[in-house]
Amino acid sequence: MMRLDRFLCESGFGARSEVKTLLKKGLVTVNGEKAKRPEQKIDENADTVVCRGQKAEYAAFIYIMLYKPAGVISATGDRREKTVVDLLDTEARRGVFPVGRLDKDTEGLLLLTNDGELAHRLLTPRKHVDKTYYAEISGKVTEDHRIQFLKGLDIGEKKLTLPARLEILESKAHSKIRVTVHEGKYHQVKRMFEAVGCRVVYLKRLSMGTLVLDPSLKAGEYRNLTEEEIKSLKELT
């Protein structure tokens, strides 16, 4: 059982103050009867709630695809820095957190959710979930580098990195590449290129497992995952 106003907020009908206004105006019904008390208890799994003629659907979990812009940190809160959660509307923030993290100066795909179990499965090293990045590199990236990435690199840890797929899009003094890694080590892509004498000057995550950054999203924009995207992620893990 839960409060009616909370149910409406978490179903996407606005902040608590907006929901109270809707209730006062008689725009909400519970099982066909008008409801005006925000504190009214309802069974979110059995009762039928209609607001402004639209049935309210309660979702226990939230899954958000965010195009993280550079300059924002992957955290739920920070006293000095703007976080990815700060980019969300109030009603979309319901306990969500970033699944993994992108560096402050890295942009691209970031999944936010309140589904801790799925987040754990996506991040556990045992799953080796693919993560693909587009990067621009200071230094000429060559076929020799591609082979080194495939063999694994020494980035200063006990073990070499797992084999990574390096696709060279443009090989010049300023190179362009795509790389797919199967781990989530700290600054991993940057450290891998440093290990071969190059430097990452721009980095954007394109995909994580089956989830691909929506090309219609601009930096700082987000949307809810589709049912098919959620299903694919769960099947992957």
Side-chain angles (χ1 to χ4, degrees), residues 63-74 84 98-112 119 121-157 159-223 225-226 228-229 232-233 235-237:
Y63 305 91
I64 294 172
M65 176 190 296
L66 170 71
Y67 184 159
K68 177 196 170 300
V72 178
I73 65 171
S74 299
V84 291
V99 179
R101 59 182 58 240
L102 294 178
D103 301 337
K104 182 178 178 181
D105 59 348
T106 299
E107 62 181 60
L109 174 68
L110 188 65
L111 172 63
L112 295 101
R121 295 203 306 265
L122 286 169
L123 296 175
T124 180
R126 297 193 309 273
K127 295 294 184 180
H128 301 315
V129 174
D130 288 357
K131 303 169 192 69
T132 299
Y133 298 81
Y134 166 79
E136 296 182 5
I137 309 296
S138 177
K140 187 171 183 178
V141 180
T142 66
E143 176 66 12
D144 183 56
H145 292 139
R146 190 188 69 77
I147 294 171
Q148 290 182 65
F149 271 62
L150 200 56
K151 290 180 177 179
L153 293 165
D154 181 357
I155 58 173
E157 300 194 358
K159 296 181 179 180
L160 299 181
T161 60
L162 291 176
R165 298 195 306 271
L166 176 60
E167 180 184 356
I168 302 170
L169 305 176
E170 194 172 287
S171 179
K172 296 181 179 179
H174 183 93
S175 300
K176 298 177 181 180
I177 63 93
R178 264 195 300 264
V179 61
T180 299
V181 300
H182 314 288
E183 305 164 281
K185 297 183 183 295
Y186 180 70
H187 291 327
Q188 181 170 345
V189 175
K190 295 177 181 177
R191 292 163 69 193
M192 290 174 79
F193 277 101
E194 287 173 0
V196 296
C198 298
R199 181 171 61 89
V200 174
V201 295
Y202 173 78
L203 188 61
K204 176 181 179 180
R205 184 153 72 186
L206 304 176
S207 66
M208 179 181 186
T210 58
L211 191 61
V212 179
L213 181 63
D214 188 331
S216 70
L217 291 178
K218 298 177 182 178
E221 294 183 340
Y222 62 92
R223 66 163 173 81
L225 264 60
T226 65
E228 185 60 36
E229 287 169 334
S232 294
L233 281 177
E235 288 177 348
L236 172 69
T237 59

How many angstroms lie between CG in L225 and CD1 in I64, if you round to the nearest 0.5 Å? 9.0 Å
Could you work out, with side-chain hydrogen bond (donor to acceptor under 3.5 Å, both in side chains) as the rule, every residue matching K127, not counting sequence neighbours? none
Could you list the residues that satisfy side-chain contact (heavy atoms from CB on, under 4.5 Å) with E183, not counting sequence neighbours? T161, L162, K185, Q188
Throw together a table of side-chain donor-acceptor distances under 3.5 angstrom for residues 191-202, partners on residues two or more places apart or in other chains.
from, atom 1, to, atom 2, distance (Å)
R191, NH1, E157, OE2, 3.3
R191, NH1, Y186, O, 2.8
R191, NH2, I155, O, 2.9
R191, NH2, E157, OE2, 3.1
Y202, OH, E107, OE2, 2.7

Go through the structure and list residues passing side-chain hydrogen bond (donor to acceptor under 3.5 Å, both in side chains) with S74, not counting sequence neighbours. none
Looking at every heavy atom in both K172 and S175, which two are closest together, and how far apart are they? O-OG, 2.8 Å
Rounded to the nearest 0.5 Å, the CZ atom of R205 sits from the CG atom of L213 at a distance of 10.0 Å
Does T237 use its side chain to pair, donor to acceptor, with the backbone of R121 at less than 3.5 Å? no
Sorted by chain and residue number, the side-chain hydrogen bond (donor to acceptor under 3.5 Å, both in side chains) partners of S232 (sequence neighbours excluded) come out as none
Sub-4.5 Å side-chain heavy-atom contact between L166 and L150: no
Pair T142, D144: side-chain N/O donor-acceptor within cut-off below 3.5 Å: no
CD1 of I73 to CZ of R101, rounded to nearest 0.5 Å, is 8.0 Å
So do M65 and L109 actually touch side chain to side chain, heavy atoms under 4.5 Å? yes
Applying the side-chain contact (heavy atoms from CB on, under 4.5 Å) test to I168, which of I137, V179, V141 qualifies? V141
Test of understanding: with side-chain contact (heavy atoms from CB on, under 4.5 Å), list the residues that count as partners of P125, not counting sequence neighbours. none
Using salt bridge (charged side-chain N to carboxylate O under 4.0 Å, His left out) as the criterion, list what pairs up with E167, not counting sequence neighbours. R178
Residues two or more places apart in sequence or in another chain: which of them pass salt bridge (charged side-chain N to carboxylate O under 4.0 Å, His left out) with K190? D103, D105
4.5 Å side-chain heavy-atom contact, Y63 and V99: no
Excluding sequence neighbours, so at least two apart, what forms salt bridge (charged side-chain N to carboxylate O under 4.0 Å, His left out) with E143? R146
Under the 3.5 angstrom rule, does the side chain of K68 hit a backbone N or O of K104 as a donor-acceptor pair? yes
Sequence neighbours left out, what passes side-chain hydrogen bond (donor to acceptor under 3.5 Å, both in side chains) with T180? Give chain and number order. T132
My understanding is that only residues two or more places apart in sequence, or in another chain, count here; which of them pass side-chain contact (heavy atoms from CB on, under 4.5 Å) with K176? Y134, E136, L169, E170
Write down the atom of L102, the atom of G108, and the distance for their closest heavy-atom approach. CD1-O, 3.9 Å
Is there a side chain to side chain contact (heavy atoms under 4.5 Å, CB included) between D130 and R165? Walk through the geometry before answering. CA-CA 10 Å; D130 288 357; R165 298 195 306 271; 4.0 Å; yes
Quick one: are L111 and L233 in side-chain contact, heavy atoms under 4.5 Å? yes
